[in-house]
A.B. asks: 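I'd like to ask some things about the structure below.
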Amino acid sequence: MFGGSGFLGRRIVKHLLNHGLVVRSASRHPARAGRKQAHHELFSAVKADILDRGQIAAAVSDASTVVNAVSLYSEHGGVTFERVHVEAASQLAEAARRAGAERYIQISGIGSDSRSRSSYIKARGQGEEAVDVGFPGATIVRPAVMTGRDDAFLTTITRLLRILPAYPLFGTGDTRLQPASVEDVAEAIARIASAGADARLFEFGGPRVYTYRDLVLEVARLLGIRTRLVPVPFVFWHALAAFGEFVPGVPLTRNQVELMQIDNVADTRLPGLRDLGIEPHDIDQVLRSA
């Protein structure tokens, strides 16, 4: 399990363990990754940087399934979207194949497109293609925007609704979203890892499709907050994100703005959560559990 210390990754680890699987979490900071699972008899954590070929080869040794949940949200120095989402994912897939793994699961995202003008969205799409070459028959999982106790999406909306007299929308708020519970996504990946799957491409979304405007209003209603919505042009958000990437603590990146300009809705022609026997949770259930 690569990326086992992240927002989605640590949930995947938990659900894999709940399925009775032996889990090896590979990360640059194994102590941090294993903090919550350290005393589980089926869990171990090893030091491995996904950018280091030798370390990933050692980490995947004897693994029957390899899951890659590593993601990069802002570039710094030589650590670029292409380096992490394309080159490193390809190297990990090849290492898994050489090690004799039966399955390789690549966590991508809805909207990934190798032809996109966005460097982030393009790299995610190219990463899918590279993984399919490195490990023929790999499973690609594309979640919609995910919600959970410590997410960067619903938590941010909730906080802003509570402190601002008016809520700034991305554009006019017409972008369509289908938020998925991170626990549902993690359980789905655990089921694929434990039982396999006939399909090679999944898209996971929640039970409802919202416009961003309606989603904000629904969250406000659930919290009992009255708010006024203010459309803000995307050009402003791009400028703010570009500035914020040089200022620590600003929770907005250019790739997040780019993603908010395209619909984030699961393709109904592809298998999703219900095809794996999971009834998806809506945002009201996520807010109650937060």
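This chain uses plain numbering: 1 for the first residue, then up along the sequence.
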A.B. asks: Should E128 and S112 count as side-chain neighbours, where that means a heavy-atom distance under 4.5 Å?
C.D. replies: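 They are in contact (side-chain heavy atoms under 4.5 Å apart), so the answer is yes.
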A.B. asks: Share the residues that join V209 in a hydrophobic cluster, the rule being Ile, Leu, Val, Met, Phe, Trp or Tyr side chains under 4.5 Å apart at the heavy-atom level.
C.D. replies: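 V265, listed by chain and number.
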A.B. asks: Scan side-chain atoms only and decide if S71 and R124 contain a donor-acceptor pair under the 3.5 Å cut-off.
C.D. replies: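 The answer is yes; a qualifying pair exists.
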A.B. asks: Do V133 and I107 sit in the same hydrophobic cluster, where Ile, Leu, Val, Met, Phe, Trp and Tyr count as joined when their side-chain heavy atoms come under 4.5 Å apart?
C.D. replies: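 Hydrophobic grouping puts V133 apart from I107.
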A.B. asks: Identify all side-chain donor-acceptor contacts of residues 224-236 below 3.5 Å with residues at least two apart in sequence or on another chain.
C.D. replies:
none

A.B. asks: With sequence neighbours left out, write down each residue that passes salt bridge (charged side-chain N to carboxylate O under 4.0 Å, His left out) with R191, or none if nothing qualifies.
C.D. replies: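 R191 satisfies salt bridge (charged side-chain N to carboxylate O under 4.0 Å, His left out) with E187 only.
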A.B. asks: Going by side chain to side chain contact (heavy atoms under 4.5 Å, CB included), name the residues that satisfy it together with R98, two or more places apart in sequence or in a different chain.
C.D. replies: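 Once residues adjacent in sequence are excluded, the partners of R98 under the side chain to side chain contact (heavy atoms under 4.5 Å, CB included) criterion are E94.
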A.B. asks: Salt bridge or not for E183 and K14, using N-O below 4.0 Å?
C.D. replies: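 Salt bridge: yes.
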A.B. asks: Heavy atoms, side chains only, cut-off 4.5 Å: are F170 and T175 in contact?
C.D. replies: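 A side-chain contact is absent here, since even the closest heavy-atom pair is not under 4.5 Å.
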A.B. asks: Could you work out, with side-chain hydrogen bond (donor to acceptor under 3.5 Å, both in side chains) as the rule, every residue matching S114, not counting sequence neighbours?
C.D. replies: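 Scan of S114 (side-chain hydrogen bond (donor to acceptor under 3.5 Å, both in side chains), adjacent residues dropped) gives E129.
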A.B. asks: Answer yes if I110 and I278 sit in the same cluster of Ile, Leu, Val, Met, Phe, Trp and Tyr residues linked by side chain heavy atoms under 4.5 Å apart, and no otherwise.
C.D. replies: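 I110 and I278: separate clusters.
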A.B. asks: Using the side-chain hydrogen bond (donor to acceptor under 3.5 Å, both in side chains) criterion, which residues pair with D284? Sequence neighbours excluded.
C.D. replies: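 Scan of D284 (side-chain hydrogen bond (donor to acceptor under 3.5 Å, both in side chains), adjacent residues dropped) gives none.
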A.B. asks: Side chains of T155 and D151: donor-acceptor distance under 3.5 Å anywhere?
C.D. replies: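 A pair is found: one side chain offers a donor N or O, the other an acceptor, under 3.5 Å apart.
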A.B. asks: Please confirm whether the backbone N or O of G134 pairs with a side-chain atom of R97, one donor and one acceptor, at under 3.5 Å?
C.D. replies: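 Confirmed, R97 side chain pairs with G134 backbone.
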A.B. asks: Show which residues join V86 in its hydrophobic cluster (side-chain heavy-atom contacts under 4.5 Å, direct or indirect), or state none.
C.D. replies: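 Cluster partners of V86: none, it stands alone.
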A.B. asks: Who pairs with D214 by salt bridge (charged side-chain N to carboxylate O under 4.0 Å, His left out), at least two apart in sequence or on another chain?
C.D. replies: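 D214 satisfies salt bridge (charged side-chain N to carboxylate O under 4.0 Å, His left out) with no other residue.
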A.B. asks: Look at the aromatic rings of Y167 and Y212 and report parallel, tilted or perpendicular, splitting at 30° and 60°.
C.D. replies: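 The rings of Y167 and Y212 sit tilted, inter-plane angle from 30° to 60°.
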A.B. asks: Determine which pairs satisfy ring pair (Phe, Tyr, Trp, His ring centres under 6.0 Å) with at least one residue from residues 255-279, sequence neighbours left out, and list them in order.
C.D. replies: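 Listed once each, the pairs would be none.
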A.B. asks: Does a side-chain heavy-atom distance below 4.5 Å link K122 with R117?
C.D. replies: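 SC-SC contact between K122 and R117 ruled out.
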A.B. asks: Using side-chain heavy atoms (C-beta onward) and a distance below 4.5 Å, is F81 in contact with E75?
C.D. replies: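 Yes. Closest side-chain heavy atoms under 4.5 Å.
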A.B. asks: In chain order, what residues pass the side chain to side chain contact (heavy atoms under 4.5 Å, CB included) check against R103, with sequence neighbours excluded?
C.D. replies: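 R103 satisfies side chain to side chain contact (heavy atoms under 4.5 Å, CB included) with T65 only.
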A.B. asks: Under the salt bridge (charged side-chain N to carboxylate O under 4.0 Å, His left out) test, which residues partner R274, sequence neighbours left out?
C.D. replies: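 Partners of R274 under the salt bridge (charged side-chain N to carboxylate O under 4.0 Å, His left out) test: E279.
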A.B. asks: With F202 as reference, evaluate D267, I189, I192 under the side chain to side chain contact (heavy atoms under 4.5 Å, CB included) test and give the passing residue.
C.D. replies: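 Among the candidates, only I192 passes.
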A.B. asks: Under 3.5 Å, is there a donor-acceptor pair between the side chain of N255 and the main chain of Y120?
C.D. replies: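 Not confirmed, N255 side chain does not pair with Y120 backbone.
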A.B. asks: How about R149 and R11: do any of their side-chain heavy atoms sit closer than 4.5 Å?
C.D. replies: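 Contact flag for R149/R11 side chains = yes.
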A.B. asks: List for me each residue that meets salt bridge (charged side-chain N to carboxylate O under 4.0 Å, His left out) alongside R162, sequence neighbours excluded, and say none if there are none.
C.D. replies: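 R162: no salt bridge (charged side-chain N to carboxylate O under 4.0 Å, His left out) contacts found.
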